[in-house]
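See structure below.
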Amino acid sequence: SQQALTCAESILNIKAFKLRLQTAIDEENLVAATESLSLIKAIDERVTSVCEDQETVRELEEILKRLVRKAFNVAIKENDISSVISMCPLLQPVGLEIEARETFLAFMEETILIAISADASIENATDTVTGYAESLSNIFNTASLILQQYLPFVIKGMDSSLGDIFFL
C-alpha cells in the first residue's frame with residue numbers, strides 16, 4: 001500500500017510539474033521550464049514510464065530543447081557573455097551539453113581568454129626579465145579570475161560532457 005501511495009503521489013507530481021513546464025514554456029521562462037523538467041526527470045522512471053502524461057512531457061522537452069538551443073545560439077551570436085553564462089546551467093538538463101560545448105569553448109576563447117593575451121604584453125617593462133616576470137604574473141592572475149568566475153557555470157551546465165575539463 002505504501003508503494004501504491006508513493007506511485008500515486010509521483011503521478012500527481014508529474015501532472016503538476018507538467019503544468020508548470022507548459023506554463024514556463026508559454027512564458028518563455030527557460031529557467032523555470034528547465035527546473036520543472038528536472039523535477040520530472042528526478043521521479044522514478046518506473047512511474048514516469050506508465051504515466052499517461054509521458055508523451056506530452058517528451059513533446060514539451062523537445063520544445064524546451066529548441067528554445068534553449070535558440071537562446072544559447074543568439075547569445076553567442078550577439079557576443080553577450082552574461083547571457084551565454086546564464087544559459088550554461090540550462091544546457092545539461094535538456095541534453096545540449098555535448099552539442100553546445102565546442103561552440104561555448106570557441107566563444108570563450110574569442111571573448112574571454114583573449115584577456116590573457118593582452119596581459120602577456122611586456123612593452124612597458126624597464127627590462128626584459130622584469131617584463132617577463134610581470135607578464136607571467138598577469139597571465140596567472142587573469143587566468144585565475146576567469147576560472148573562478150566562469151568555471152562553476154561550466155561545471156553546472158556541461159559536466160556530463162566533460163566541458164569543465166575542456167574549459168580548463
Side-chain angles (χ1 to χ4, degrees), residues 1-113 115 143-168:
S1 67
Q2 183 64 34
Q3 287 180 337
L5 182 61
T6 302
C7 183
E9 185 178 325
S10 293
I11 289 173
L12 290 173
N13 285 339
I14 290 171
K15 290 182 178 300
F17 297 149
K18 180 193 80 165
L19 288 174
R20 284 177 38 189
L21 176 60
Q22 179 68 60
T23 302
I25 287 173
D26 291 343
E27 296 172 353
E28 294 189 24
N29 184 342
L30 301 180
V31 173
T34 304
E35 288 171 357
S36 297
L37 181 63
S38 295
L39 290 171
I40 293 170
K41 287 183 173 186
I43 295 174
D44 189 341
E45 191 176 310
R46 294 176 295 179
V47 175
T48 58
S49 66
V50 297
C51 182
E52 63 187 26
D53 293 321
Q54 178 186 20
E55 189 59 36
T56 304
V57 169
R58 279 194 198 126
E59 291 169 4
L60 292 172
E61 182 177 5
E62 284 303 313
I63 292 168
L64 178 59
K65 189 175 191 173
R66 285 194 304 269
L67 290 173
V68 169
R69 181 184 291 123
K70 180 182 175 187
F72 182 74
N73 289 335
V74 166
I76 293 279
K77 185 177 180 182
E78 292 177 352
N79 206 18
D80 184 355
I81 185 67
S82 60
S83 292
V84 170
I85 293 301
S86 70
M87 294 298 299
C88 280
L90 308 181
L91 298 171
Q92 191 162 300
V94 297
L96 293 174
E97 68 277 8
I98 294 172
E99 176 183 318
R101 181 181 64 208
E102 293 306 318
T103 305
F104 173 77
L105 292 173
F107 171 78
M108 291 301 285
E109 185 175 325
E110 291 174 11
T111 58
I112 300 302
L113 299 179
S144 176
L145 287 172
I146 289 170
L147 290 176
Q148 288 174 5
Q149 187 171 5
Y150 299 117
L151 188 58
F153 296 103
V154 175
I155 290 171
K156 190 171 182 183
M158 293 185 235
D159 183 44
S160 66
S161 71
L162 305 177
D164 52 341
I165 294 170
F166 283 91
F167 183 68
L168 288 173

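- For Glu99, the side chain to side chain donor-acceptor pair (under 3.5 Å) partners are Arg69, not counting sequence neighbours.
- Not a single side chain to side chain donor-acceptor pair (under 3.5 Å) links Arg20 to another residue, sequence neighbours left out.
- Put simply, CZ on Phe17 and CG on Leu12 are 10.5 Å apart, with the number rounded to the nearest 0.5 Å.
- Rounded to the nearest 0.5 angstrom, Glu62 CD and Leu60 CG are separated by 10.5 Å.
- The line from CG of Leu96 to SG of Cys88 is 11.5 Å long, rounded to the nearest 0.5 Å.
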Which donor-acceptor pairs under 3.5 Å do side chains of residues 24-36 form with protein atoms, sequence neighbours excluded?
| residue | atom | partner | partner atom | Å |
| --- | --- | --- | --- | --- |
| Asp26 | OD1 | Gln22 | NE2 | 2.8 |
| Asp26 | OD2 | Gln22 | NE2 | 3.4 |
| Asn29 | OD1 | Val31 | N | 3.4 |
| Asn29 | OD1 | Ala32 | N | 3.1 |
| Thr34 | OG1 | Leu30 | O | 2.7 |
| Ser36 | OG | Ala32 | O | 3.1 |

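- Applying the salt bridge (Lys or Arg N to Asp or Glu O under 4.0 Å) criterion to Lys18, with sequence neighbours excluded, gives Asp53.
- In this structure Lys41 satisfies the side chain to side chain donor-acceptor pair (under 3.5 Å) test together with Glu61, sequence neighbours excluded.
- If you take CG on Leu21 and CG on Leu39, they are separated by 10.0 Å, rounding to the nearest 0.5 Å.
- Under the side chain to side chain donor-acceptor pair (under 3.5 Å) criterion, Ser83 pairs with Asp80, sequence neighbours left out.
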